[in-house]
Amino acid sequence: MGWRGLVVSDGGAVSRPWGVMGGTFDPIHLGHLAVAERARESLDLAGVVFVPAARNPLKDVGPMAPSEERVAMVELAIAGNERFRASRIELERERPSYTVDTLEAFHADGRYAGGGREDPVLILSVEAITRLPDWHRIDRILELARVAIVPRRGYPPTDAGTLEAVFPDRASRFLVLDGPDLGHSATEIRARVAAGRSVRYLVPEPVDAWIRGRALYGAPAPDGGPLSR
Ligand code: ATP
């Protein structure tokens, strides 16, 4: 993989970049985890930090799960993987939260920056790429981070020509990964739960249990009341 050449050695200590994966994770599913693991392995990342996005608290109801439930499910899903982390940074902000603010914060305090020497790698699926030019302060985002694009079923693949057209002179900040090609979608998972259907093997087992125990997404209330946290 071409980026291996960017790994720097400092007195024998190797500094590797972190991956940053944002999303609503409503809920986190095996597609997210497989994408993060593929990026970590392919790009030789130090690890991947999952950053659940905040939503308007007024909208954090109904078929969607509240922020605390979403981050709890992320923490359950990554427990036991020492290379995966969860960050509450976007949930703790009072104002609307932008990816650029998160990257600035990581940059400022050296978190997830490979000891300050390696730019983090923003992991995005291909569905985000066409809208990426409209992201708040995209120029700064591409200064602070490189972007790994992962394929997503149902969306046309990205190629170098598309990137060059959309981001002239900055295509070198992007890398296109070739998989994994899993069709998981949180929308479908919520719909299945609401319809009383199984999501086993679509989400990690502890996340499935959490959804049932907390009666999220219209799951019937459990007999014994909510799981203790
Ligand atoms: P929803 O269906 O509610 O839109 P989602 O499944 O897309 O949710 P998000 O939390 O919005 O989940 O996704 C976070 C990131 O992971 C996004 O970049 C999204 O495109 C990507 N992603 C989600 N599912 C997959 C998948 N099956 N394959 C590749 N990328 C995915």
Side-chain angles (χ1 to χ4, degrees), residues 18-37 39-40 47-103 105-106 111-112 122-125 127-128 150 152 180 182-229:
W18 275 81
V20 178
M21 187 152 172
T24 47
F25 302 118
D26 192 20
I28 189 166
H29 52 64
L30 294 181
H32 297 127
L33 294 164
V35 160
E37 180 67 0
R40 185 200 63 73
V48 175
V49 54
F50 293 79
V51 188
R55 263 201 308 257
N56 182 337
L58 298 175
K59 292 186 182 168
D60 227 1
V61 292
M64 310 297 182
S67 304
E68 278 308 313
E69 302 283 357
R70 293 185 288 114
V71 74
M73 290 188 283
V74 169
E75 286 169 350
L76 281 172
I78 66 174
N81 186 336
E82 61 180 17
R83 295 189 180 277
F84 285 178
R85 303 268 194 282
S87 169
R88 293 171 179 258
I89 188 168
E90 296 193 3
L91 307 179
E92 288 164 354
R93 273 198 212 111
E94 305 213 333
R95 59 197 169 83
S97 150
Y98 293 107
T99 297
V100 70
D101 300 325
T102 299
L103 292 173
F106 289 166
R111 261 180 304 169
Y112 309 121
L122 199 56
I123 303 167
L124 293 177
S125 91
E127 68 176 307
V150 295
R152 184 159 193 187
L182 296 174
H184 297 61
S185 125
T187 301
E188 184 198 329
I189 288 165
R190 292 193 301 271
R192 290 186 68 83
V193 172
R197 300 176 71 184
S198 170
V199 295
R200 198 174 183 189
Y201 309 124
L202 295 177
V203 299
E205 286 203 29
V207 172
D208 192 358
W210 187 270
I211 290 170
R212 309 286 165 194
R214 310 282 296 179
L216 301 179
Y217 311 124
D223 293 342
L227 289 179
S228 58
R229 299 179 75 167

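Fair warning: this is a prediction, and the values are worked out from it, not measured in the lab. All residue numbers refer to positions in the sequence shown, counting from 1.
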Shortest non-hydrogen pair, Arg190 vs Asp26, comes out as NH1-O, 2.7 Å
At their closest point, which heavy atom of Ala86 faces which heavy atom of Ile78, and how far apart are they?
N-CD1, 3.5 Å
Considering non-hydrogen atoms only, spot the tightest contact between Ala186 and Pro27 and give its length.
CB-O, 3.8 Å
How many angstroms lie between atom CD of Glu90 and atom CG of Asp101, to the nearest 0.5 angstrom?
8.0 Å
Minimum side-chain heavy-atom gap Thr24-Pro52 below 4.5 Å
no
Can you tell me if Arg70 uses its side chain to pair, donor with acceptor, with the backbone of Ala53 under 3.5 Å?
yes
Is there a side chain to side chain contact (heavy atoms under 4.5 Å, CB included) between Val74 and Phe84 once you walk through the steps?
CA-CA 10 Å; Val74 169; Phe84 285 178; over 6 Å; no
To check you understand the geometry: which heavy-atom pair defines the closest contact between Trp210 and Ala72, and what is its length?
CZ2-CB, 3.7 Å
Classify the side-chain pair Tyr201/Asp208 by whether it contains a donor and acceptor separated by less than 3.5 Å.
no
List the steps and the verdict of side chain to side chain contact (heavy atoms under 4.5 Å, CB included) for Asn81 and Glu37.
CA-CA 10 Å; Asn81 186 336; Glu37 180 67 0; 4.2 Å; yes
Less than 4.5 Å apart, side chain to side chain, heavy atoms only: is that true for Ile123 and Phe50?
no
Tell me whether Glu75 is salt-bridged to Arg88, with the criterion being a basic N under 4.0 Å from an acidic carboxylate O.
yes
Ignoring hydrogens and geometry, is there a side-chain-to-backbone donor-acceptor pair from Arg152 to His184 under 3.5 Å?
yes
Measure from the side-chain N and O atoms of Arg197 to the backbone N and O of Ala194, and report whether any donor-acceptor pair falls under 3.5 Å.
no
Is the closest side-chain donor-acceptor distance between Arg93 and Thr102 under 3.5 Å?
yes
Does the pair His29 and Val199 meet the rule for a side chain to side chain contact (heavy atoms under 4.5 Å, CB included), with working shown?
CA-CA 10 Å; His29 52 64; Val199 295; over 6 Å; no
Treating Arg40 as the side-chain partner and Val48 as the backbone partner, does any N or O pair qualify as donor plus acceptor under 3.5 Å?
no
Nearest heavy-atom pair of Glu188 and Ser185: which atoms, and what distance?
N-OG, 3.0 Å
If you round to the nearest 0.5 Å, how far is CD1 of Ile189 from CG of Leu30?
7.5 Å
To the nearest 0.5 Å, atom NE2 of His32 lies from atom OG of Ser125 at 8.5 Å
Which heavy atom of Val207 sits nearest to which heavy atom of Ala77, and what is that distance?
CG2-CB, 4.0 Å
Spacing of OG belonging to Ser87 relative to CD belonging to Glu92, to within rounding of 0.5 Å
7.0 Å
Does the Arg111 side chain pair with the main chain of Phe106, one donor and one acceptor, at a distance under 3.5 Å?
no
